[in-house]
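Report on the following structure.
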Amino acid sequence: MKVELRDITKTFGSVAANDHISLNVDAGTIHGLLGENGAGKSTLMKILSGFFSANSGTTVLNDRPVQYHTPLEALAHGIGMLHQDPLDFPPLSVLDNFMLGERGFIQPRVSARRKLLDTARHLHFKLEPDSLVSTLTPGERQQLEIARLLARGAEVLILDEPTTGISQPQKVQLFATLKHLAGEGKTIIFVTHKLEDVEELCQRVTVLRHGKVVGEVARPFSAQALVRMMFGQALPRVAHPVFYFDETRLRVRDLAVADRRLRLDGVSFDVRAGEVLGFAGLEGSGQRLVLRACGGLLRALHGAIELGGLNLVGRHYRNFLQCGIAYLPAERLGEGLVSGLDLSEHFELARRSRDIVIDWSRARSLSEAKIQEYNIRGRPDSSVEDLSGGNQQRALLALLPVNLKLLLLEQPTRGLDIESASWVWAQLMARRSQGTAIIFISADLDEVLTYADNIIVFSGGHISAPVPARETSVEEIGNLMAGKQFAAN
Amino acid sequence: MDTLIRLLASIVADSSPLVFAVIGETISEKAGVINLSLDGSLMLAAMVGFAAAYTTGDLTIGFIAAMIVGALVALLVAFAGITLKQDQVAVGFILTLLCTDLSSFLGTPFVRVPGPQVTPSPIPMLSEVPVIGPILFNQNLVTYLSFITIVVAWSFMFKTQQGLMLQGVGERPEAAFARGASVQRLRYLYTLLGGALVGFGGAAFSLSVKLGWSYHHTQGFGWIALAIVIFGGWHPVRAAFGAYLFGALQTLGSNLQSEFTSVPIQLFQVAPFALMILVLLITNNAGLDRLLAYLPRDVARIIDRIIRGRAPVALGTNFQQE
Amino acid sequence: MASTSIAPQLSRPLNRLALATLPIILALLVTLIIIVLVGAPPLAVLQRMVEGAFGDDVRRADVIAAWVPLTLCSVGLLLTFTAGLWNIGIEGQIVLGAIGATWVVRTFPSLPAPLLLPLVLLGAALFGAAWGWLAGVLKVYGNVHEIFGGLGLNFVAIGLTNYLIFGPWSQPGRATVSGTEPYPPNAWLPTLEPLRVSPAAVALSLVVLLIVYFSLRGTTWGLQLKAIGHNIRSAFLLGIHTQRNMLLAFALCGACAGLAGAVQTTVTYHRLIPAISSGYGYLAILVALLSAFRAVWVAPIAFVFAALSLGSRPLQIELNLDSSLGGVIQGVLVLMVVIVQGFRKRVR
């Protein structure tokens, strides 16, 4: 099916997420939609798949203008979308998920099972109808959604950032499936911010920036040109200074951590004062467990976490805080900030003073000083949930105590614009130069390679030896993440 | 043996109002809406059901009136909770008190007046079957309906496409929306349906089990029903089982009471509530995880499934269609 | 259950005035319909209610007397609501306070009043606090939702009262629903004879109100409670003692409720009776919800509620209507406030 979007505009409040965007995709092709976070890709695709209605513009399928307002109607027109976080039902079984939303009264369990298995076999997927979706890997959940959308007649398949969070073999398989589907005449729209995905897969690519189309190119792609379109200029690769102190700040020995799904044993590593250590790995490979254990938020089963010769395993989270360890969670409003409280209340709480009575005028001036220093766009009485993501992250950094021994960060720049992200890293670099040791998790390999001194890669419950960032590459880390070469270690 | 059979038969009959209530509430909560008003709406429905049946002399009208009352209260919960996005717990609690007072205020003329009641109607043939017959098939129509409700609720929830969507709406409304559900409408529908069942349960009290009307006639049962929904792990059959278990304990209590006169009578009155706390303590406790960790994985998983239920993920939350 | 913030947002005074009158009008309308429905004359009902609450000095004083325990409970609930907790167990905490008060009176029956009465209040507060703390322990360590834990404890508390009244504390020779033997006069909190209101009790509730108002507004602890109520995960990561503070909120709310129980026994009934709480705990939840958890609003709202409750008492005798009409009006009023607030949120 041939897809045309003509002159689509969509605004949220005063922000134009899509500003007169036009897009043409031919039947039987794989078309890339490239752009950094916030460029308007997802909005455009949600319009095409019926989640949003555009303020203006037309959707044309096979040269016929069409109108629809819900995802179901879009699917009836043959357009199916696989969301970054698949819109499935983890507590239900694979078969239930496959059937859910079909017409009829009595569940057609027998025929649906056959249809599911047939579709899966056709796509070379292995899907067990009776397992719970909550036990599947992210890659398998994608496969289930793809199978479901195709079984329900999707001719156009939109995939939103599908390579985030899936393993290398699953990615290889996904790409093979997509090429096979394109060969059968299906139209694939592939949304991503990763150049390598585009280079591997797409025949044409449209680049978005700030809600506008900045260019459309066909194979062969020039990485340089694409980057220039995405960011406006070629991204300068920051040559990170390598210096840290000799003093070992954190010593982790034979640590065992576990949650309901995963257990890691024998985790050992050192971090020196002023060192930046990056944890790389697919989501859910255990990096978060180890980081949480180091921050005192998860009780280790056994082993040692030593800071300045003091073993902290088994201690309460507040002991970790008292030792000069701080933890910055990825969910800024979920675990970091308290929505409903304003900035001065946050700064007052973060002081952890023993004062019984609050001196509000002093609290306000303290908070004004912090707001200035950290360049937060807000006032002392601004509620934190009204701040933008970038300003929330600035506020979180401003809440940290001045002298930290160890700073732990989950996804420090997730969802931030480029300017905020580089500001965050400037702050962190300033802290490390004062001797704070930093450990961070990031799903963005470029970020890990750019800012970490050493990298530990997590895969399937194992960890690699620390790899110096200067001596490695995206490919090597990617291979480690996919579980290759662990035998050699 | 005969005593035992009589005892079991009375447990089955006496539990039927709670069966309707717990299944009704399970349906609402499965769709993601907490109707906390049960203690009040059950009582108001019991009063209205009795009053309607008493005034018209027609039991059917009594049950229908009670169902309408239950559905209306549920409508208020749905309107304030879903459309106006207010805290469902707060609305439910306010309605609990309001309905309780309303039942006292409106029910004054009906206090302790003798009224109509559902009469037993043994099923021919089936009631003759030894043991099972007298327990299950020598009952009244209300009790038979409670059996049917269990079966229908279970089959609807797990064997039909609509039931699957009901679960989807409560688990992940945005995904249900993507598959064509009008989330708000379905939530309204199932909240109202659940409320109507609760109302029916109320009338089952005043017209079949705990006959007549007095001030605060059914006090406490609504809260018990809410606790049983949790105990039942949001599964209609397990919830019904919980209702029977509670009925059995009550009967046991009143029988033990006459056996052991030295034990203070209050102990038996308090026991169900103490037990409710204990059950919630066991089924919700994180310590259970540690205990289960010592067992083989498969055994642990089965035990976990049996004693612990998982609340619908989106229970009590609002869904905002983009 | 919903973990979202339960505090409604009210801002500008003018808006608030308009917002305050609309639900009242709606509530009056609904009440009118209900009254007409039972065939009662609305104007007569209104007249009797006003007379019932404010008709003479005794009745006016009775409203103040009822205002005291209601305010004590509502103020205590501000602490738990601020921490995001639904302390439905407050009914049982009143009951335990009354039991504690009675226990102290029975243990030291001949102490002079200036010594005995403070001891009674202390005992009541401690018993109430213990019962509140228990609901907190079930919640914090046992993962039992406070609504169900508290509710179960309410029924247990009532059972305990009945056991004491009919068992160990029964009047010699006859155990009746009329309660335990009356307190000796030295355990009566002095009232302004012939009125049934105790100035000391009024002063006590005002002091408690001020303390809670100040704690929530100007202390680190109050701010910590607020943070816990809005987002307990973030509060924990900020280094706040979440569990300890929640238990403290439960216990202090229980202490306030316990004091209310002491007032019920030493001022109103002078003994322990089965329904000693008079339902003030549940009613206080409505007061707290209506006040949007602000201490300054608690006093006037509690006054209106007390007047409604007492004003509907004569209806029984004079118009043969059940006195629960007061409760109906209170319930409808709070419901309308919630609904109007919801509409306002929707419009924005």
Side-chain angles (χ1 to χ4, degrees), chain B residues 34 36 39-40 76 79-81 83-91 93-109 111 215 220 223-224 226-227 230 264-278 280-287 311 315-318, chain C residues 1-6 8 34-35 37-38 86 88 138 141-145 147-149 151-164 166-167 279 282-283 285-286 289 312 316 320-332 334-335 337-343 345-346:
Chain B
I34 304 171
L36 197 82
D39 206 54
L76 277 172
F79 178 66
T83 305
L84 300 182
K85 306 199 186 328
Q86 298 296 78
D87 184 5
Q88 292 170 11
V89 172
V91 176
F93 182 77
I94 296 165
L95 283 170
T96 306
L97 296 194
L98 177 56
C99 291
T100 304
D101 280 330
L102 212 52
S103 74
S104 297
F105 183 68
L106 299 177
T108 309
V111 171
Y215 289 114
W223 293 115
I224 287 283
L226 281 162
I230 302 176
I265 175 172
Q266 289 81 20
L267 193 69
F268 295 106
Q269 291 166 352
V270 162
F273 297 97
L275 194 75
M276 171 183 92
I277 296 178
L278 200 67
L280 293 179
L281 198 59
I282 293 168
T283 50
N284 283 337
N285 203 331
L315 181 59
T317 62
N318 287 311
Chain C
M1 303 244 170
S3 62
T4 47
S5 149
I6 36 184
I34 292 170
I35 291 172
L37 212 69
V38 296
W86 270 85
I88 277 188
L138 284 172
Y141 298 111
N143 221 356
V144 175
H145 196 288
I147 287 183
F148 293 105
L151 217 89
L153 289 174
N154 287 349
F155 285 104
V156 173
I158 292 166
L160 186 61
T161 315
N162 287 335
Y163 166 68
L164 290 171
F166 290 98
Y282 290 142
L283 196 56
I285 294 179
L286 293 191
L289 282 175
S312 51
Q316 184 92 56
N320 197 23
L321 292 175
D322 192 70
S323 60
S324 48
L325 181 64
V328 173
I329 300 176
Q330 290 155 352
V332 172
V334 184
L335 189 66
V337 168
V338 169
I339 286 176
V340 169
Q341 245 163 29
F343 268 112
K345 217 160 68 176
R346 221 172 125 80

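Throughout, a chain's letter reflects where its sequence line sits, starting with A, and its residues are numbered from 1.
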Toward chain B, the part of C:I88 with a non-hydrogen atom under 4.5 Å: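 The answer is the side chain of C:I88.
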Structural part of [X] lying under 4.5 Å from a heavy atom of chain C:
| X | result |
| --- | --- |
| B:S104 | both |
| B:T83 | both |
| B:L97 | side chain |

By side chain to side chain donor-acceptor pair (under 3.5 Å) - contacts of C:N154 (at least two apart):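 If we apply the side chain to side chain donor-acceptor pair (under 3.5 Å) test to C:N154, skipping adjacent residues, the hits are C:Y282.
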Set of side chain to side chain donor-acceptor pair (under 3.5 Å) partners for C:T161, sequence neighbours left out: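 Per chain and number, C:T161 pairs via side chain to side chain donor-acceptor pair (under 3.5 Å) with no residue.
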Greatest number of heavy atom pairs closer than 4.5 Å to chain C - which of B:L102, B:T96, B:L95, B:N318: B:L102
Residue, of B:V270, B:L106, B:L76, that accumulates the most heavy atom pairs under 4.5 Å with chain C: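 Ranked by heavy-atom pairs under 4.5 Å with chain C, first place is B:V270.
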Taking every non-hydrogen atom, the tightest pair across B:V91 and B:A80: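 Looking at all heavy atoms of both residues, the shortest contact is CG2-CB, 3.7 Å.
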Any side-chain heavy-atom pair of C:W86 and B:D87 under 4.5 Å: yes
Contact check, side chains of C:D322 and C:Q316, non-hydrogen atoms, under 4.5 Å: yes
Most contacts with chain B, counted as non-hydrogen pairs under 4.5 angstrom, among C:V338, C:L151, C:V38: C:L151
is_close_aromatic(B:F273, B:W223), centroid dist under 6.0 Å: no
